[in-house]
Colleague: 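This is the structure I have questions about; it appears just below.
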Amino acid sequence: MSKYIEMYKSKLVSPEKAVSVVKSGDWVEWGSFACRPLVLDRALAQRKDELQNVKVRAVCTAYGVPEIVKVDPTREHFCYNNWHFSVIDRKLSDKGLCSYVPQLYREAVGYFNNYIQVDVAMLQVTPMDQHGYFNFGPSVSHAYATCNNAKIVILEINENIPRALGGNSESIHISEVDFIVEGENTPLQQTPVIPFSEEDRMIANHIMEEIEDGSCIQLGIGGMPNVVGKMLAESDLKDIGVHTEMLVDAFVDMYEAGALTGRKKNIDQRKIVYTFALGSQRLYDFINNNPMCATYPVNYTNNPNIIAQNDKVVSINNAVEIDLFGQVNSETSGVRQISGTGGQVDFIDGAYNSKGGKSFICLTSTYRDKNGKNISRIKPFLSNGSIATTHRAAVQYVITEYGKAVLKAKTTWQRAEALIAIAHPDFRDELIKEAEKNGIWRRSNMR
Ligand SMILES: CC(=O)SCCNC(=O)CCNC(=O)[C@H](O)C(C)(C)COP(=O)(O)OP(=O)(O)OC[C@H]1O[C@@H](n2cnc3c(N)ncnc32)[C@H](O)[C@@H]1OP(=O)(O)O
Ligand SMILES: CCCC(=O)O
C-alpha cells in the first residue's frame, strides 16, 4: 500500500467526527461556488445546540440554502457571510440571514495571508491522485490560501469534481490536510443558460464591432457577457485568447467553433486561463484534465499587471445602473446587496493597461421593475444607497442597445452628453434637465 493511501486512511473520518473540531466563536471558511461543502454543512448544522457564534464565510452560494442557515434563523449559533452574492444569498440577506463581505477579488488571497482568521476550512475537492494530491476543480480562486492559513483543513471528496490543470495552487497535498470526509458525489451545480433579449443582442453587436482577431477575452458574471460569448463563437474571428476570472459555457462554444486558439497571447500562450468555472456539465467536462485550460489563483488571474501583459484584452461586464457622472453600480439595488464587486474593477484596470485593450460596461437602457414600470438604468445619480462598484475615472466604454459611450478623459459635461445619447429616448429630456440642474450640462451639448 502506498504511503499516501495509508495517510488517507488515517485521516478519513465521518462528517460528524470532522465537524466536531469546530468550537464556539470560530471562523469557518467554505470552498467557493460549486465546491462548497455539503455533507459537512449538514453535520455542522446538527451541532447547532452545542455551538454559539460560529461565523461561516462562503462565496456565491450554490446547491440551495445551507443547512446551517436553515436550522438557525436567529443567527446566534451560525452567522452566515458571503464574499459574492448569488440569488440564494440575496434572498437570505433580504431576511437578515446573510451578510456581504466587500472585496476587490484580486486581493482575496492576500486577505487570507494577512488579514483574516480561519479556524476551520471546509471544501469539496476531487478524490486523491497517486501522488497524494486533491484538486480544487472548478473553484481554485483562493482555495489554497484558505487552507494554507487555516488551523484545521477538512476536505469533502466528490468524484464528480473535474480535475483542473494549473497554473498553480490548483491542488493540495494530503500532508497539508487534517481530515478527509467522503461525500455523496452530488452532481455539480449547473447554472441555467439564460435566454437573451433583442436588446441584449443589440448590445452584443456593438461590442462585436470592437473585437478583433487575436483579442484576449474576459467575460463577467451575468446574462449579457454570455451573449457576447455566443456571438463570438458564431463569428469568423480568429485566434481569440482567453484570460478570465470566470469560465462559462460560451468559451466552450468558442473553442468548438475553432475561434479560440490563444496563439496570439503574450503570456500563457495557447492556454485558457481562469480562476473558477460555473456553468453546465459540458463546461465541467471540458475543463476535466484538459491541458488547454490553466487555472490559477485569483491573485494571478485578476492582477491588472498580469492581465495587461496580453495585448488587445477585451473585458465585458454587466452593470445594474450608471449615473451621469459615470459611476457604475454593478452590485446593489439601493442598499439591497444583489451581487458583489467581484473582479469587475480588476479587469477594467487590466484591459485599460493592455496594448489595444478595451473594457466594456454593458447594460440595457431600461429595467422593468416588479410593478412592470420601465426605469432608466442611466440616472442623474446612483439610486439612494447604491454602491459605486467601478469609480468614474476607471470607466472606458459604456454600451446600451442605443450605442457606445467612451468616457475616458472626458469632462463632466461630455460624459453626461455621451451617456444621455445612449439612454432610452423616453428618458433623455428628463436626464438633460437633471444634468443642467446638477451643473454638468453646457448649452453646446447635443448639438
Ligand atoms: C466574473 C468575472 O470574470 S469578473 C467581473 C464580473 N463581476 C462583476 O461584474 C460583478 C458584478 N456584476 C454582477 O454580479 C452581474 O453582472 C449583475 C448583477 C450586474 C447582472 O447579473 P444578471 O444575473 O444578469 O442580473 P439579473 O438581471 O438576473 O438581475 C439580478 C438581480 O438584480 C435585480 N436588478 C437588476 N437590475 C436592477 C435595477 N436596475 N434595479 C434594481 N434591481 C435590479 C434583479 O431584479 C435581480 O434580483 P432578483 O433575483 O431578486 O429578482
Ligand atoms: C466572486 C466573484 C464573481 C465576480 O467577479 O463577479
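First listed ligand is number 1; within each ligand, the first listed atom is number 1. Remember, predicted model here, so these are calculated numbers, not experimental data.
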Colleague: Pull out every atom of ligand 2 sitting under 4.0 Å from any heavy atom of Gly343, numbered as shown with elements.
Modeller: 4 (C), 5 (O)
Colleague: Among Val320, Ile88, Leu278, which residue places a heavy atom closest to atom 38 (C) of ligand 1?
Modeller: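 Looking at heavy atoms only, Val320 sits closest to atom 38 (C) of ligand 1.
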Colleague: Test of understanding: given a 4.0 Å heavy-atom threshold, classify the contact between Ile375 and ligand 1 as side chain, backbone, both, or neither.
Modeller: neither
Colleague: CZ of Phe112 to CD1 of Ile116: how many Å apart, nearest 0.5 Å?
Modeller: 4.0 Å
Colleague: Counting heavy atoms only, which part of Glu321 comes closer than 4.0 Å to ligand 1: side chain, backbone, both or neither?
Modeller: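 Neither part.
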Colleague: Considering heavy atoms of the protein only, find what lies nearest to atom 6 (O) of ligand 2 and give residue, atom and distance to 0.1 Å.
Modeller: His84 CE1, 3.1 Å
Colleague: Any idea which protein heavy atom is nearest atom 24 (O) of ligand 1, and the distance to it?
Modeller: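 Of every protein heavy atom, Gly223 N, 3.0 Å lies nearest to atom 24 (O) of ligand 1.
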Colleague: Could you check atom 51 (O) of ligand 1 against the protein and tell me its nearest heavy-atom contact, residue, atom and distance included?
Modeller: Lys370 NZ, 3.5 Å
Colleague: Would you check, one step at a time, whether the test salt bridge (Lys or Arg N to Asp or Glu O under 4.0 Å) holds for Arg106 with Asp349?
Modeller: CA-CA 11 Å; Arg106 65 176 178 246; Asp349 289 349; 3.7 Å; yes
Colleague: Would you check the N or O atoms of Thr341, main chain and side chain alike, for any that come under 3.5 Å of an N or O of ligand 2?
Modeller: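 No: no nitrogen or oxygen of Thr341 is under 3.5 Å from one in ligand 2.
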Colleague: Would you check whether Gly342 has a nitrogen or oxygen atom less than 3.5 angstrom from a nitrogen or oxygen atom of ligand 2?
Modeller: no
Colleague: So among Val273, Ile240, Asp311, Val313, which one has a side-chain contact (heavy atoms from CB on, under 4.5 Å) with Lys265?
Modeller: Val273
Colleague: Return the option from Leu363, Leu219, Thr332, Ile338 holding the heavy atom at the smallest distance from atom 33 (C) of ligand 1.
Modeller: Ile338
Colleague: Thr341 near ligand 1, heavy-atom distance under 4.0 Å?
Modeller: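 Distance cut 4.0 Å: Thr341 passes for ligand 1.
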Colleague: Is Ile221 touching ligand 1 with its side chain, its backbone, both, or neither, if touching means heavy atoms under 4.0 Å apart?
Modeller: both
Colleague: Looking only at heavy atoms, is any part of Glu331 under 4.0 Å from ligand 1, and if so is it the side chain, the backbone, or both, or is it neither?
Modeller: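 Neither; no heavy atom under 4.0 Å.
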Colleague: Using a strict 4.0 Å cut-off to heavy atoms of Arg336, name the atoms of ligand 1 that fall inside it.
Modeller: 47 (O), 50 (O)
Colleague: Report yes or no: do Asn149 and Asn113 form a side-chain donor-acceptor pair below 3.5 Å?
Modeller: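 The criterion, which ignores hydrogens and geometry beyond distance, is satisfied for Asn113 and Asn149.
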Colleague: Any salt bridge between Asp41 and Arg36, counting N to O under 4.0 Å?
Modeller: yes
Colleague: Check this for me, if you would: do Lys404 and Glu210 make a salt bridge, where the nitrogen-to-carboxylate-oxygen distance has to be below 4.0 angstrom?
Modeller: yes
Colleague: Is ligand 2 under 4.0 Å from a heavy atom in the side chain of Gln344, in the backbone, in both, or in neither?
Modeller: neither
Colleague: On the six-membered ring of Tyr80, is Arg57 placed so that its NZ or CZ lies under 6.0 angstrom from the centre and within 45° of the ring axis?
Modeller: no
Colleague: On a heavy-atom basis, I'd like to know which of Ser330, Ser339, Gly340, Ser333 is closest to atom 10 (C) of ligand 1.
Modeller: Gly340
Colleague: Got the closest protein heavy atom to atom 44 (C) of ligand 1, with its distance?
Modeller: Tyr367 OH, 4.0 Å
Colleague: Check each heavy atom of Phe33 against ligand 2 and say whether those closer than 4.0 Å belong to the side chain, the backbone, both or neither.
Modeller: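 Under 4.0 Å from ligand 2, Phe33 contributes side-chain atoms alone.
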Colleague: Do Arg282 and Asp253 meet the salt-bridge criterion of a basic N to acidic O distance under 4.0 Å?
Modeller: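 Answer for the salt bridge query: yes.
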Colleague: Whether the Ser315 and Gln218 side chains hold a donor-acceptor pair (N or O, under 3.5 Å, no angle test) is what I'd like checked.
Modeller: yes
Colleague: Under 4.0 Å from any heavy atom of Ile221, which atoms of ligand 2 are there?
Modeller: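 Numbered from 1, ligand 2 contributes 6 (O).
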Colleague: Do Asn317 and Gln344 get their side chains close enough for a donor-acceptor pair, meaning under 3.5 Å?
Modeller: no
Colleague: Any atoms of ligand 1 less than 4.0 Å from a non-hydrogen atom of Gln344? List them with their elements.
Modeller: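 Selected atoms, number and element: 5 (C), 8 (C), 9 (O).
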Colleague: Nearest protein heavy-atom contact for atom 23 (O) of ligand 1: which residue, which atom, what distance?
Modeller: Gly222 CA, 3.7 Å
Colleague: Taking 4.0 angstrom as the limit and counting only heavy atoms of Lys91, give me the atoms of ligand 1 inside it, by number and element.
Modeller: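 It comes down to these atoms of ligand 1: 48 (P), 49 (O), 50 (O).
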Colleague: State plainly whether the residues Arg163 and Glu170 are in salt-bridge range, i.e. N to O under 4.0 Å.
Modeller: no
Colleague: What's the separation between atom CG in Leu278 and atom CE in Met246, rounded to the nearest 0.5 Å?
Modeller: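 If I round to the nearest 0.5 Å, the distance is 4.5 Å.
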Colleague: Nearest protein heavy atom to atom 2 (C) of ligand 2, by residue and atom, and its distance?
Modeller: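 Of every protein heavy atom, Glu245 OE2, 3.3 Å lies nearest to atom 2 (C) of ligand 2.
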Colleague: How does Tyr105 reach ligand 2, by side chain, by backbone, by both or by neither, if only non-hydrogen atoms under 4.0 Å count?
Modeller: side chain
Colleague: Could you tell me whether Glu184 and Arg42 have a side-chain N and a carboxylate O separated by less than 4.0 Å?
Modeller: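 Counted as a salt bridge, because a side-chain N and a carboxylate O are separated by less than 4.0 Å.
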Colleague: Any idea which protein heavy atom is nearest atom 20 (C) of ligand 1, and the distance to it?
Modeller: Asn318 OD1, 3.6 Å
Colleague: What protein heavy atom lies closest to atom 36 (N) of ligand 1? Include the residue and the distance to one decimal.
Modeller: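 Looking at atom 36 (N) of ligand 1, the protein heavy atom closest to it is Arg377 NH1, 3.0 Å.
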Colleague: Does the distance from a Lys or Arg side-chain N to an Asp or Glu carboxylate O, for Lys433 and Glu436, drop under 4.0 Å?
Modeller: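 Answer for the salt bridge query: no.
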Colleague: Under the side chain to side chain donor-acceptor pair (under 3.5 Å) criterion, do Asn266 and Gln309 qualify, and how do the steps go?
Modeller: CA-CA 7 Å; Asn266 299 326; Gln309 286 180 43; over 6 Å; no
Colleague: Does a side-chain N-to-carboxylate-O contact under 4.0 Å join Arg263 and Asp239?
Modeller: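 Salt bridge between Arg263 and Asp239, a charged N being under 4.0 Å from a carboxylate O: yes.
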Colleague: Just need the protein heavy atom nearest to atom 3 (O) of ligand 1, so name the residue and atom and give the distance.
Modeller: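 Ranked first by proximity to atom 3 (O) of ligand 1 is Gln218 NE2, 3.0 Å.
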Colleague: Suppose the criterion is ring pair (Phe, Tyr, Trp, His ring centres under 6.0 Å): which pairs have a residue in residues 343-396, not counting sequence neighbours?
Modeller: Phe360-Tyr397
Colleague: Between Asn317 and ligand 1, which part of the residue brings a heavy atom under 4.0 Å of the ligand: side chain, backbone, both or neither?
Modeller: side chain
Colleague: Given that the side chain starts at C-beta and the backbone is N, CA, C, O, which of these parts of Arg90 lies under 4.0 Å from ligand 1, counting heavy atoms, or is it both or neither?
Modeller: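 Contact part for Arg90 vs ligand 1: side chain (C-beta onward).
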Colleague: Do any heavy atoms of Met224 fall under 4.0 Å from ligand 1?
Modeller: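 Not so, Met224 does not reach ligand 1.
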